[in-house]
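Only one structure is covered here, and it is reproduced in the block below.
First listed ligand is number 1; within each ligand, the first listed atom is number 1.
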Amino acid sequence: MLRLPRTGSLVASFAASIAQKVNPPPTELTGFDQVVDAAIAHWGDQPTRLLQVLRELQEHCNYLPASALERIAQRLGLPLSQVRGVAAFYDFLSLEPTGAYRVLFSDDVTDRMQGSTELMQRMCHRLWAEPGKVTQDGLVSVGHASFLGLPDQGPSLLVNGRPVPRLDAQRIDTLCGLILARRPLDEWPADLFTVHTTVRKRGPLLSDPLQPGDALRAAFARADANGDVAQPVLDEIKRANLLGRGGAGFTTGVKWESCSRMAAQPRVVVCNADEGEPGTFKDRELLTSQADLVCEGMTVAALGIGAALGFIYLRGEYRYLLESLLAVLARRREQGLLGTSIGGRAGFDFDIEIHVGAGSYVCGEASALVESLEGKRGIPRNRPPRLAEKGYLGLPTIVNNVETYCAAALIVLHGADWFRSVGTAKSSGTKLISVSGDCERPGVYEYPFGVTVRQVLDDCGAQRTIAVQCGGPSGTCLDQDEFHRRIAFEDLETGGAFIVFDEGRDMFEVARHFAHFFAGESCGFCTPCRVGTSLLARIMDRISEGKGSEHDLQAMAELQRLLHSASHCGLGESAGRPIAHTLQRFRPAYERRLLAHGVEPAFDLDGALARARRMTGRDDPGAHLGDHA
Ligand SMILES: Cc1cc2nc3c(=O)[nH]c(=O)nc-3n(C[C@H](O)[C@H](O)[C@H](O)COP(=O)(O)O)c2cc1C
Ligand code: SF4
């Protein structure tokens, strides 16, 4: 059974260990083992620290040497196989040496629309590099990352983990010059790494002039006759009908209340800042300009559910925000807004630690995220039990999106009625929309729920639009007949991505790109998703090469049904949607590529799934694809 110290001392030691991270002790690093030891001195030797230690090793050495993995296994008391398994799971960790300069081009559909393929070719040509390989002198490697979260200022790349947005031929040549001159990154012009703020429309979330502690003071003022603050906070969040902003729209107050009723202590508040859905970047903006509001919302949540531990799970692509976020946390500790007796309230002890991811889309799924927080591979858990019951290390845990916490802070400050006065009957408040693609003014827009797609298109300067991908690849593809639809939980649910395509775009190619995205991001845990996503990508490739047939369209429809019904998590469930939606709305884009009607199918799908049937012990008619499936 898990044994933890009492809450007060736990938070004190938690705070001390975090404070250490703001100013890690200087170390003389002379070899891999010393790097490992320094990382463990920095993070601690708990198995939960494994991913953070691996990430630091990668940052220092540009890869994870086998001998260092052995030392990590020994120091953290873990089997070497587990350490290797975690190292192999995350895209930003590499078991093989990478170049001294590791360049990863963002491979989102919008990056490609803005010319990333040609820019990558230009860089490879200038550096005599081959994509995916290290140059012979070990100087550079050039590859891809799925989505860097910068489509409003793309194309973009990461060099040794640092983002370079707004790429063009000139900037590529500058980068190549700096790399060939072997200039350390710290000496590169700072402008190269500047990520701009692109807020185009502000509402309360992006403009509320909240002072640190305002929402907490308002929460304290809501105390009932017994001096209890937790239940009044929960009641206000429930009354506001705050629905989660991460996409699924679960009722936040219900989630918090069910966690607050669990007996186990301490309880845990987790902020999901993984933001991996292609086309989404609104959390990046909140973490950049509204970090206090995010922390305030998390602390309000801690007050409501009685939590002592908090984590921000920051996607690896946003590693560049780590120092500024740590500074906000340190300041809030000095202001008495984190740590023990927060706001002078005895017994209210809570602190926040930042855990940085390492390149994995599925880690945005709440239970996979909790696995990753525990230092493991990000494989989604079986549920039940729900995270509110048994989450991080088996403790009652809530996981919410960045924007949800911001909204929660404002609800406690201004009240549920204020919140409900904006939006629609079923969708209270405002929503941040990340607009990218074919438009004049990409950026973050804050709208009351209920705004039409047409309004967003007008505001962002989109012209001759043929389609909008609302909610990213796992969301909904809309054509012109649907631009009257409203962004609200009663119509179009969205985590916030809004990708615009004009008449020059080929929606078959967009869907093919998304098919490859899902195939690349499937964690491989369950067969329908592992096999189904890669089959979809292969069939789309065949159709693209002019070798597809009508049978392939039918096969893809079957696969989509299988993915939706038999996948273990939301990734697999939605992986077939881009193809299903574009087939429905842009069928001619598929049909004009087909060879001829009546050609044999590209794959024996039923045969491909034979292994899955053996593994699950099923061979009944329902387990086969075909007319009866
Ligand atoms: C594959 C996958 C990726 C996800 N990525 C994110 C993400 O990056 N951010 C997020 O808040 N929710 C993400 N979610 C949804 C989370 O599982 C969860 O519903 C959400 O964090 C709950 O917060 P909310 O109730 O505040 O929306 C993802 C879900 C799936 C299936
Ligand atoms: S559906 Fe896909 S991503 Fe989800 S658990 Fe299964 S294999 Fe992993």
**Item:** Contact summary for Arg284 and His196, nearest pair of heavy atoms
**Value:** NH2-O, 3.7 Å
**Polar side-chain atom of Gln153 near backbone of Pro165 as donor-acceptor pair, under 3.5 Å** = no
**Message:** I'd like to check which ligand 1 atoms, numbered from 1 as shown, lie under 4.0 Å from a non-hydrogen atom of Asp274.
**Reply:** 8 (O)
**Asked** Just which atoms of ligand 2 are under 4.0 Å from any heavy atom in Val362?
**Response** 3 (S)
**Request:** Mark up the atoms of ligand 1 that fall under 4.0 Å of a heavy atom belonging to Gly570, in ascending order.
**Result:** 31 (C)
**Asked** Of all the atoms in ligand 2, which lie at a distance below 4.0 Å from a heavy atom belonging to Ser567?
**Response** 1 (S)
**Request:** Examine distances only and state if a side-chain atom of Ser427 and a backbone atom of Thr424 form a donor-acceptor pair shorter than 3.5 Å.
**Result:** no
**Request:** Could you tell me whether Arg245 and Glu493 make a salt bridge, using a distance below 4.0 angstrom between a side-chain N and a carboxylate O?
**Result:** no
**Prompt:** Hey, looking at atom 17 (O) of ligand 1, which of Gly246, Ala366, Ser567, Ser474 has the closest heavy atom?
**Reply:** Ala366
**Asked** With a cut-off of 6.0 Å (strictly less than), are more than 12 heavy atoms of other residues, nucleotides or ligands near CZ of Arg377?
**Response** no
**Asked** atom 8 (O) of ligand 1: which protein heavy atom is closest, and how many Å away?
**Response** Glu275 N, 2.9 Å
**Request:** Considering heavy atoms of the protein only, find what lies nearest to atom 4 (Fe) of ligand 2 and give residue, atom and distance to 0.1 Å.
**Result:** Cys569 SG, 2.4 Å
**Message:** Exactly one of Phe147, Phe514, Phe517, Phe89 should register a ring pair (Phe, Tyr, Trp, His ring centres under 6.0 Å) with Tyr361. Which one does?
**Reply:** Phe517
**Prompt:** Where does Asn401 meet ligand 1, judged by heavy-atom distances below 4.0 Å: at the side chain, the backbone, both, or neither?
**Reply:** both
**Asked** Can you list the atoms of ligand 2 that are under 4.0 Å from a heavy atom of Pro380?
**Response** 5 (S)
**Prompt:** With distance as the sole test, does Asp491 use its side chain to make a donor-acceptor pair with the main-chain N or O of Arg486 at under 3.5 Å?
**Reply:** yes
**Asked** Any idea which atoms of ligand 1 are less than 4.0 Å away from a heavy-atom of Lys255?
**Response** 22 (C), 23 (O), 25 (O)
**Message:** Counting non-hydrogen protein atoms only, what is the nearest one to atom 19 (O) of ligand 1? Give residue, atom name and distance.
**Reply:** Ala248 CB, 4.2 Å
**Prompt:** Should Phe498 and Ile487 count as side-chain neighbours, where that means a heavy-atom distance under 4.5 Å?
**Reply:** yes
**Request:** For Gln231 and Glu257, test the side chains for any donor-to-acceptor distance below 3.5 angstrom and give the result as yes or no.
**Result:** yes
**Message:** When you measure from the heavy atoms of Arg315 to every atom of ligand 1, does any distance fall below 4.0 Å?
**Reply:** no
**Item:** Heavy-atom nearest neighbour of atom 24 (P) of ligand 1 within options Gly378, Gly244, Ala407
**Value:** Gly244
**Message:** Any side-chain to backbone donor/acceptor pair from Ser436 onto Pro442? Under 3.5 Å, distance only.
**Reply:** no
**Prompt:** Do any heavy atoms of Arg245 fall under 4.0 Å from ligand 1?
**Reply:** yes
**Request:** Tell me which protein heavy atom sits closest to atom 15 (C) of ligand 1, plus the residue, atom name and distance to 0.1 Å.
**Result:** Gly364 O, 4.0 Å
**Request:** Kindly say whether Val412 contributes a backbone atom to a donor-acceptor pair with the side chain of Glu236 at under 3.5 angstrom?
**Result:** no
**Request:** Using a strict 4.0 Å cut-off to heavy atoms of Gly572, name the atoms of ligand 2 that fall inside it.
**Result:** 1 (S)
**Prompt:** Have Ser367 and Arg386 got a donor and an acceptor in their side chains that come within less than 3.5 Å?
**Reply:** no
**Message:** Tell me whether Cys569 reaches ligand 1 (any heavy atom closer than 4.0 angstrom to a ligand atom).
**Reply:** no
**Request:** Taking only heavy atoms of Gly276 into account, list the atoms of ligand 1 that are under 4.0 Å away from them.
**Result:** 8 (O)
**Item:** Identity and separation of the nearest protein heavy atom to atom 8 (Fe) of ligand 2
**Value:** Cys523 SG, 2.3 Å
**Request:** Give the numbers and elements of all ligand 1 atoms closer than 4.0 Å to a heavy atom of Leu571.
**Result:** 1 (C), 31 (C)
**Item:** Lys282 backbone acceptor or donor facing Ser434 side chain under 3.5 Å
**Value:** yes
**Prompt:** What about the rings of Phe525 and His568, do their centers lie closer together than 6.0 Å?
**Reply:** yes
**Cys529 near atom 6 (Fe) of ligand 2: N/O/S under 2.8 Å** = no
**Request:** Indicate if the distance from atom 8 (Fe) of ligand 2 to the nearest N, O or S atom of His568 falls below 2.8 Å.
**Result:** no
**Request:** Assert yes or no for the condition that the ring centre distance of Phe449 to Phe489 is strictly below 6.0 Å.
**Result:** yes
**Complete:** Nearest non-hydrogen protein atom to atom 20 (C) of ligand 1, with distance, is Asn272 ND2, 4.2 Å
**Asked** How far is atom 3 (C) of ligand 1 from its nearest protein heavy atom, and which residue and atom name does that atom have?
**Response** Glu365 N, 3.6 Å
**Message:** Give me the residue, atom name and distance of the protein heavy atom closest to atom 26 (O) of ligand 1.
**Reply:** Thr404 OG1, 2.6 Å
**Request:** Below 4.0 angstrom from a heavy atom of Ser522, which ligand 2 atoms are there? Numbered from 1 as shown, please.
**Result:** 2 (Fe), 7 (S)
**Prompt:** Short N/O distance, under 3.5 Å, between Asn400 and ligand 1?
**Reply:** yes
**Request:** Find all atoms of ligand 2 within a distance of less than 4.0 Å from any non-hydrogen atom belonging to Cys526, and give their numbers and elements.
**Result:** 1 (S), 6 (Fe), 7 (S)
**Request:** Measure centre to centre between the rings of His355 and Tyr313, then say whether the value is under 6.0 Å.
**Result:** yes
